[in-house]
Amino acid sequence: MSYSIIKIKSFELAVRGVNFYKYLISEKKEFIMSKQFLRSITSVGANVREAINAQSKADFIHKLSISQKECDESLYWLELLRATDYVSILEFESMHNQCEEVLKIIKSILITSKKNLN
(Lines give C-alpha, C1' and ligand atoms only; values in the text may rest on other atoms or scores of the structure.)
Protein backbone atom coordinates (compact mmCIF):
# COMPACT_ATOMS: atom_id res chain seq x y z
CA MET A 1 0.00 0.00 0.00
CA SER A 2 1.27 3.44 -0.87
CA TYR A 3 1.11 6.09 1.82
CA SER A 4 1.73 8.92 -0.63
CA ILE A 5 -1.68 10.53 0.02
CA ILE A 6 -1.05 11.04 3.73
CA LYS A 7 2.54 12.04 3.00
CA ILE A 8 1.37 14.74 0.57
CA LYS A 9 -1.58 15.94 2.66
CA SER A 10 0.40 16.14 5.89
CA PHE A 11 3.13 18.13 4.11
CA GLU A 12 0.55 20.51 2.63
CA LEU A 13 -0.94 20.90 6.11
CA ALA A 14 2.49 21.76 7.53
CA VAL A 15 3.15 24.35 4.81
CA ARG A 16 -0.22 25.93 5.43
CA GLY A 17 0.40 25.82 9.18
CA VAL A 18 3.74 27.62 8.80
CA ASN A 19 2.09 30.33 6.71
CA PHE A 20 -0.73 30.59 9.24
CA TYR A 21 1.85 30.98 12.01
CA LYS A 22 3.61 33.76 10.08
CA TYR A 23 0.27 35.53 9.71
CA LEU A 24 -0.52 35.19 13.43
CA ILE A 25 2.79 36.65 14.56
CA SER A 26 2.96 39.44 12.01
CA GLU A 27 -0.69 40.54 11.80
CA LYS A 28 -2.19 39.46 15.12
CA LYS A 29 0.95 39.80 17.26
CA GLU A 30 0.15 36.47 18.92
CA PHE A 31 3.30 34.59 19.87
CA ILE A 32 2.47 31.92 22.47
CA MET A 33 -0.43 29.85 21.15
CA SER A 34 0.75 30.29 17.57
CA LYS A 35 4.15 28.80 18.47
CA GLN A 36 2.48 25.80 20.09
CA PHE A 37 0.30 25.43 16.98
CA LEU A 38 3.38 25.61 14.74
CA ARG A 39 5.16 22.88 16.71
CA SER A 40 2.24 20.47 16.63
CA ILE A 41 1.15 21.11 13.02
CA THR A 42 4.64 20.55 11.63
CA SER A 43 5.08 17.47 13.79
CA VAL A 44 2.16 15.75 12.05
CA GLY A 45 4.00 15.38 8.75
CA ALA A 46 7.36 14.72 10.39
CA ASN A 47 5.89 11.74 12.24
CA VAL A 48 4.11 10.54 9.10
CA ARG A 49 7.51 10.46 7.39
CA GLU A 50 9.00 8.56 10.34
CA ALA A 51 6.10 6.08 10.16
CA ILE A 52 6.62 5.51 6.45
CA ASN A 53 10.25 4.63 7.18
CA ALA A 54 9.42 2.51 10.23
CA GLN A 55 11.45 -0.61 10.97
CA SER A 56 8.42 -2.73 11.78
CA LYS A 57 4.63 -2.68 11.65
CA ALA A 58 4.54 -1.95 15.39
CA ASP A 59 6.97 0.95 14.92
CA PHE A 60 4.80 2.21 12.04
CA ILE A 61 1.70 2.17 14.25
CA HIS A 62 3.56 3.89 17.07
CA LYS A 63 4.89 6.72 14.88
CA LEU A 64 1.55 7.22 13.15
CA SER A 65 -0.16 7.30 16.56
CA ILE A 66 2.13 10.18 17.53
CA SER A 67 1.13 11.92 14.31
CA GLN A 68 -2.52 11.45 15.24
CA LYS A 69 -1.93 13.01 18.66
CA GLU A 70 -0.08 15.96 17.15
CA CYS A 71 -2.87 16.54 14.66
CA ASP A 72 -5.45 16.52 17.46
CA GLU A 73 -3.26 18.90 19.48
CA SER A 74 -3.13 21.22 16.46
CA LEU A 75 -6.92 21.25 16.43
CA TYR A 76 -6.89 22.21 20.11
CA TRP A 77 -4.62 25.22 19.54
CA LEU A 78 -6.66 26.24 16.52
CA GLU A 79 -9.87 26.03 18.55
CA LEU A 80 -8.27 28.08 21.32
CA LEU A 81 -7.11 30.71 18.83
CA ARG A 82 -10.69 30.92 17.54
CA ALA A 83 -12.23 31.04 21.02
CA THR A 84 -9.95 33.96 21.94
CA ASP A 85 -10.75 35.83 18.71
CA TYR A 86 -7.28 35.69 17.19
CA VAL A 87 -8.71 34.15 14.03
CA SER A 88 -11.97 34.69 12.19
CA ILE A 89 -14.56 31.99 11.68
CA LEU A 90 -13.57 31.75 8.01
CA GLU A 91 -9.84 31.37 8.82
CA PHE A 92 -10.67 28.85 11.52
CA GLU A 93 -13.02 26.70 9.44
CA SER A 94 -10.67 26.48 6.49
CA MET A 95 -7.66 25.42 8.56
CA HIS A 96 -9.76 23.22 10.85
CA ASN A 97 -11.29 21.35 7.90
CA GLN A 98 -7.89 20.61 6.40
CA CYS A 99 -6.58 19.39 9.75
CA GLU A 100 -9.67 17.22 10.31
CA GLU A 101 -9.21 15.67 6.86
CA VAL A 102 -5.63 14.66 7.67
CA LEU A 103 -6.69 13.33 11.07
CA LYS A 104 -9.39 11.15 9.47
CA ILE A 105 -6.90 9.69 7.01
CA ILE A 106 -4.42 8.94 9.80
CA LYS A 107 -7.13 7.28 11.90
CA SER A 108 -8.23 5.18 8.95
CA ILE A 109 -4.66 4.01 8.26
CA LEU A 110 -4.19 3.19 11.95
CA ILE A 111 -7.37 1.14 12.12
CA THR A 112 -6.38 -0.85 9.05
CA SER A 113 -2.79 -1.30 10.26
CA LYS A 114 -3.90 -2.53 13.68
CA LYS A 115 -6.26 -5.04 12.09
CA ASN A 116 -3.49 -6.31 9.82
CA LEU A 117 -1.04 -6.57 12.73
CA ASN A 118 -2.88 -9.64 14.08
Side-chain angles (χ1 to χ4, degrees):
M1 176 176 170
S2 172
Y3 297 104
S4 61
I5 291 173
I6 191 58
K7 183 178 173 182
I8 292 166
K9 292 208 175 270
S10 62
F11 183 78
E12 289 171 348
L13 182 65
V15 169
R16 185 146 183 232
V18 169
N19 290 327
F20 196 61
Y21 167 75
K22 291 191 291 189
Y23 162 76
L24 287 169
I25 61 171
S26 66
E27 299 296 320
K28 301 293 184 170
K29 305 299 183 215
E30 199 301 307
F31 303 99
I32 306 301
M33 291 181 286
S34 59
K35 185 70 164 195
Q36 292 293 119
F37 173 77
L38 176 68
R39 287 180 178 145
S40 60
I41 202 81
T42 55
S43 183
V44 175
N47 280 290
V48 164
R49 292 284 180 101
E50 284 193 40
I52 291 169
N53 294 300
Q55 295 176 339
S56 66
K57 196 67 156 178
D59 188 32
F60 173 82
I61 291 169
H62 174 71
K63 298 291 190 212
L64 204 59
S65 295
I66 294 170
S67 189
Q68 177 185 350
K69 291 176 186 179
E70 293 292 341
C71 198
D72 195 43
E73 181 182 338
S74 299
L75 288 168
Y76 170 80
W77 291 115
L78 192 57
E79 290 162 8
L80 191 56
L81 285 161
R82 175 63 204 126
T84 54
D85 294 321
Y86 279 102
V87 296
S88 70
I89 292 173
L90 184 62
E91 292 164 331
F92 168 79
E93 286 179 349
S94 179
M95 191 77 204
H96 192 269
N97 290 343
Q98 188 175 2
C99 203
E100 281 280 349
E101 178 187 12
V102 170
L103 184 59
K104 286 177 185 176
I105 295 168
I106 291 169
K107 285 182 177 183
S108 177
I109 294 169
L110 279 170
I111 289 167
T112 303
S113 297
K114 287 176 183 177
K115 283 181 185 176
N116 292 339
L117 188 62
N118 299 326

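- Checked by atom type and distance alone, the side chain of D72 never pairs as donor or acceptor with a backbone atom of Q68 at under 3.5 Å.
- For the pair I41/Y21, no side-chain contact is recorded, criterion being any heavy-atom separation below 4.5 Å from C-beta on.
- The shortest heavy-atom contact between R49 and N53 is O-ND2, 3.0 Å.
- Considering only heavy atoms from C-beta on, F60 comes within 4.5 Å of I109 through its side chain.
- The structure places NZ of K28 at 9.0 Å from CG of D85, a figure rounded to the nearest 0.5 Å.
- When the side chains of ILVMFWY residues are joined at heavy-atom separations under 4.5 Å, either directly or via intervening members, M95 and V18 end up in two distinct hydrophobic clusters.
- Considering only heavy atoms from C-beta on, Q36 stays 4.5 Å or farther from Y76 through its side chain.
- When all heavy atoms are compared, the tightest approach of E70 to S43 is CG-OG, 3.3 Å.
- Between V48 and V102, the closest side-chain pair of non-hydrogen atoms is not below 4.5 Å.
- Listed for the S108 side chain is no donor-acceptor partner under 3.5 Å among the backbone atoms of K104.
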Dump the intermediate steps for side-chain contact (heavy atoms from CB on, under 4.5 Å) on I8 and F11, then the final yes or no.
CA-CA 5 Å; I8 292 166; F11 183 78; 5.9 Å; no
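- Residues C71 and C99 approach most closely at SG-O, 3.4 Å, considering heavy atoms.
- In this structure, the separation between CG on L110 and CG on L117 is 11.5 Å, given to the nearest 0.5 Å.
- Considering NZ of K63 and CD of Q55, their distance stands at 8.5 Å, rounded to 0.5 Å.
- Within 6.0 Å of NZ in K35 there are 12 or fewer heavy atoms belonging to other residues, nucleotides or ligands.
- Between E30 and F37, every side-chain heavy-atom pair lies at or beyond the 4.5 Å cut-off.
- Side-chain atoms of V87 and L24, non-hydrogen and from C-beta on, do get closer than 4.5 Å to each other.
- In this structure a side-chain-to-backbone donor-acceptor pair under 3.5 Å is missing from S94 to L90.
- Across all non-hydrogen atoms, the minimal contact from I106 to S67 is CD1-OG, 3.5 Å.
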Run the side-chain contact (heavy atoms from CB on, under 4.5 Å) check on R39 and E73 step by step: do they pass?
CA-CA 10 Å; R39 287 180 178 145; E73 181 182 338; over 6 Å; no
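- Residues T84 and L81 share a closest heavy-atom pair of OG1-O, 3.3 Å.
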Kindly indicate, with the supporting measurements, whether the criterion side-chain contact (heavy atoms from CB on, under 4.5 Å) is fulfilled by L64 and N47.
CA-CA 6 Å; L64 204 59; N47 280 290; over 6 Å; no
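- Across every non-hydrogen atom of I25 and S34, the tightest pair is CG2-OG, 3.7 Å.
- Checked against salt bridge (charged side-chain N to carboxylate O under 4.0 Å, His left out), E79 has no partners two or more places apart in sequence or in another chain.
- Enclosure of atom CZ in F92 by more than 12 non-hydrogen atoms of other residues, nucleotides or ligands within 6.0 angstrom is indicated.
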Let's go through I66 and E50 carefully: what are the C-alpha distance in whole Å and the side-chain angles of both, what is the deciding distance for side-chain contact (heavy atoms from CB on, under 4.5 Å) to 0.1 Å, and is it a yes or a no?
CA-CA 10 Å; I66 294 170; E50 284 193 40; over 6 Å; no
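- Taking the side chain as every heavy atom from C-beta outward, S65 and I61 approach each other to under 4.5 Å.
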